[in-house]
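Written out below as structure tokens is the structure these notes cover.
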Protein chains: 2
Amino acid sequence: MDEKPRDRVSLKDLANHIGVSKTLVSAVLNGKAKQYRISEETATLVKRAARELQYSPNMVAKGLRTGNSQLIGLIVTDISNPFYSTISRIIENKTNEINYKVIFGSSDESLVKTRQLIDVMLDKGVAGLIIVPCEGSQGMIAELHKKNIPVVLIDRYFPELEVSYSCLNNFNATKQATMHLIEQGYRNIALISYKSGLSNIRDRILGYKETMNNHELGEYVNVKSVNIDHPLPEVEKALDYLVNRKNAEAVIFITNALLVAGLRSLNKLNKRIPDDVAVVGFYGSELFDLYYSPITYIKQPIDMITEEAVNTLIDKIKYGENRKFSKTFIEPELIIQHSSIKMDNV
Amino acid sequence: MDEKPRDRVSLKDLANHIGVSKTLVSAVLNGKAKQYRISEETATLVKRAARELQYSPNMVAKGLRTGNSQLIGLIVTDISNPFYSTISRIIENKTNEINYKVIFGSSDESLVKTRQLIDVMLDKGVAGLIIVPCEGSQGMIAELHKKNIPVVLIDRYFPELEVSYSCLNNFNATKQATMHLIEQGYRNIALISYKSGLSNIRDRILGYKETMNNHELGEYVNVKSVNIDHPLPEVEKALDYLVNRKNAEAVIFITNALLVAGLRSLNKLNKRIPDDVAVVGFYGSELFDLYYSPITYIKQPIDMITEEAVNTLIDKIKYGENRKFSKTFIEPELIIQHSSIKMDNV
DNA sequence: CTGAAAGCGCTTACAG
DNA sequence: CTGAAAGCGCTTACAG
């Protein structure tokens, strides 16, 4: 109950200690000594005292006065998901360079949570936001943009919005994967996806479909979309149907979680990879390299995607270029391993 | 360059709009209407206006005035590490309930970075800190505690410090693992560890050694400690030595990263699990269940460890109980799978 | 070259 | 029941 004060020394303390005004100290410490034509000696005096008394400015007060909080808000789907925690780490590194800190929140794909997160982050005075937008959040995003709050989307975008974003080229991702399987000699190629209207999912499906059609394999196009919350049972059912009934020779899983569910299911169905069915995954843990059949997967250059997003946001914050609309698609890379190699060819 | 103002309505705006004082509005909105004996009608009037004008308080200003930032600082080793990102998520959930946000930082086991992170977090006015302390950081931690800043350690602790912490019972973790292997009939059991003086590593080694000694297997005690930065080559060398030269029948890997390196190495050395060598891991990804020999591992109840840490911190913040010293060890759980079963027994 | 004053948006004694 | 005033720790015109 008795909260002892944390005896930090304030600007005032420091000024009193030296016997000058707060204005002076503030100017010196903010590197404006020259601009204010403050004498060398006074400046060094102030700097030394600041060091000796271990003065460090109260950023809250500074933020209130200048309107600059040096804080960035990050809203992801779930920080405990390795993909998003990797993004977080890269954002941390990039923003640390310019002395910003990031506060984060997980939306769990919920509109309500997204709204709450945006609100409190704004209340905390974030200078800008990096958001992995959930389905149906275009209204909120547009609103932010209209209020002239710096915001950039990552991982997903809304084509109808002129809000900057940085994403994987998801269309090319599944195009590459499908091409690779076709080149291997597979014809009956299926794809397992989520029920979702998000841009990344949509583009991944599109890349697959168009590639199939362009190779006159339209008759084999087969997309099974499962529930995002508990994919396992539905993935199992879908695979049973695709492999046992439709004779699918290869399956593309368009997220990491779907791949995990897929591998479990294929084991259960007693299907060997790639002998019974070839597999291509997405993103992927290094652990898939240790699998009995190392998994071919689409690699996302997360660092490039994220760095682009951060750079864009910083530009907006620093130069107020919120009207500048930048869209970035980073190209994927297909890592070919054992799981997608047609054994007949070997 | 022309930064448009973000036209948020302030307390003053709101007060002027209704035609009352800021004091009044502030009191009502903070639920102190009764305390200040403000009439029902005025109160409802204020509340309605607040809603209509979409007033939301500037937490920065509020924080400056009250000294309460509603911000918690979290310092982990690396936010992109799944173990720490899971911790982050749990902290997020717990703190959201009481309207706190968390700002995070990764120390990379570096004292310099830890120091920097602590400093800026303090500058940002965090109400308290949750820290995974790196080796040699006891000085900084002690300093924080002396300054009466609420801090609780997680995952690791310093026995010489009276600073609250919440950790796994690491001693029992390896004790359980070792016991299990002994019960299976293994005698020549080795352990692979990091070169580190951190409490969690130390306790894990201790649990193994004591258990071995208590079963008169002291002659087999064999701890190989590798460099934390690039474990793979050293793990491979260690395993070659342990298995091929010392005839180790079972190996305990005391972190997730070591296990991954271990599995890679055993593949390379053409050793089958558990036929040639039994394996027990730590923490563990769900992907290990999919391995050709599903891995036995020590499970950390991360949620319990983390929730305890958060609760402790919140108590300190709310009730100023920084003198209360709480140490918590959460018991591990051994998940027994295929990799540690002695085939002779089957 | 240096300082007094106002103000960022709040809360909190205090007065009436 | 309500409001004027001071102050949290800063920065920034402005005056000298």
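Just so we're on the same page: letters track the sequence lines, and every chain starts at 1.
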Original post:
Mapping A:K22 and B:S21 onto DNA chain D by nearest heavy atom, which one lands closer to the 5' end?
Top reply: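 Per heavy-atom nearest nucleotide, the more 5' residue is B:S21.
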Atom [atom1] of [X] and atom [atom2] of [N]: how far apart are they, to the nearest Å?
{"X": "B:K12", "N": "C:dG7", "atom1": "NZ", "atom2": "P", "result": "8 Å"}
{"X": "A:Q35", "N": "D:dT12", "atom1": "CD", "atom2": "P", "result": "9 Å"}
{"X": "A:R65", "N": "D:dC8", "atom1": "CZ", "atom2": "P", "result": "16 Å"}
{"X": "B:K32", "N": "C:dC10", "atom1": "NZ", "atom2": "C1'", "result": "12 Å"}
{"X": "B:L24", "N": "D:dA4", "atom1": "CG", "atom2": "C1'", "result": "13 Å"}
{"X": "A:I38", "N": "C:dT2", "atom1": "CD1", "atom2": "P", "result": "7 Å"}
{"X": "A:L64", "N": "D:dG7", "atom1": "CG", "atom2": "C1'", "result": "12 Å"}
{"X": "A:N30", "N": "D:dG9", "atom1": "CG", "atom2": "C1'", "result": "13 Å"}

Original post:
Looking at side-chain heavy atoms only, is the closest gap between B:L24 and B:T42 below 4.5 Å?
Top reply: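 They are in side-chain contact.
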Original post:
Do B:I87 and B:I302 touch side chain to side chain, with heavy atoms closer than 4.5 Å?
Top reply: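 Sidechains of B:I302 and B:I87: in contact.
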Original post:
Heavy atoms under 4.0 Å, any strand shown: does A:V60 hit a base, just sugar-phosphate, or nothing?
Top reply: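 Counting heavy atoms under 4.0 Å across all strands, no contact is made by A:V60.
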Mark yes or no for whether [X], through its side chain, and [Y], through its backbone, hold a donor-acceptor pair below 3.5 Å.
{"X": "B:N30", "Y": "B:K32", "result": "no"}
{"X": "A:S106", "Y": "A:D108", "result": "no"}
{"X": "A:S10", "Y": "A:D13", "result": "yes"}

Counting just side-chain N and O atoms, does [X] come under 4.0 Å of either OP1 or OP2 of [N]?
{"X": "A:K62", "N": "D:dG9", "answer": "no"}
{"X": "A:T66", "N": "C:dC8", "answer": "no"}
{"X": "B:S26", "N": "C:dT11", "answer": "yes"}

**OP:** Give the nucleotide from the list D:dA13, C:dT2, D:dG9 with an atom nearest to the side chain of A:S39.
**Re:**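 Within the option list, the nearest is C:dT2.
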Subject >> B:S164 and B:K316 side chains, donor-acceptor separation under 3.5 Å >> reply: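 Indeed, the side chains of B:K316 and B:S164 share at least one donor-acceptor pair under 3.5 Å.
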**OP:** Could you tell me which non-hydrogen atom of A:M121 sits nearest to which non-hydrogen atom of A:G73, and how far apart they are?
**Re:**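 Looks like SD-CA, 3.7 Å.
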Original post:
Do B:Y157 and B:F329 have ring centroids that are under 6.0 Å from one another?
Top reply: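 Yes, the ring of B:F329 comes within the 6.0 Å limit of the ring of B:Y157, centre to centre.
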Original post:
Between which residue ranges does DNA chain C form stems of three or more consecutive Watson-Crick or G-U wobble pairs, both distances under 3.5 Å?
Top reply: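 As far as DNA chain C goes, consecutive pairing (with distances under 3.5 Å) yields the stems C:1-3 with D:14-16, C:5-12 with D:5-12, C:14-16 with D:1-3.
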Original post:
Are there more than 12 heavy atoms of other residues, nucleotides or ligands under 6.0 Å from atom CE of A:M304?
Top reply: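 Result for CE/A:M304: open.
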**OP:** Within residues 42-58 of chain B, find the residues that approach DNA chain C with a heavy atom at under 4.0 Å, and present them sorted by residue number.
**Re:**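 B:Y55, B:P57, B:N58 - these, ordered by number, are the residues of the stretch whose heavy atoms sit under 4.0 Å from the strand.
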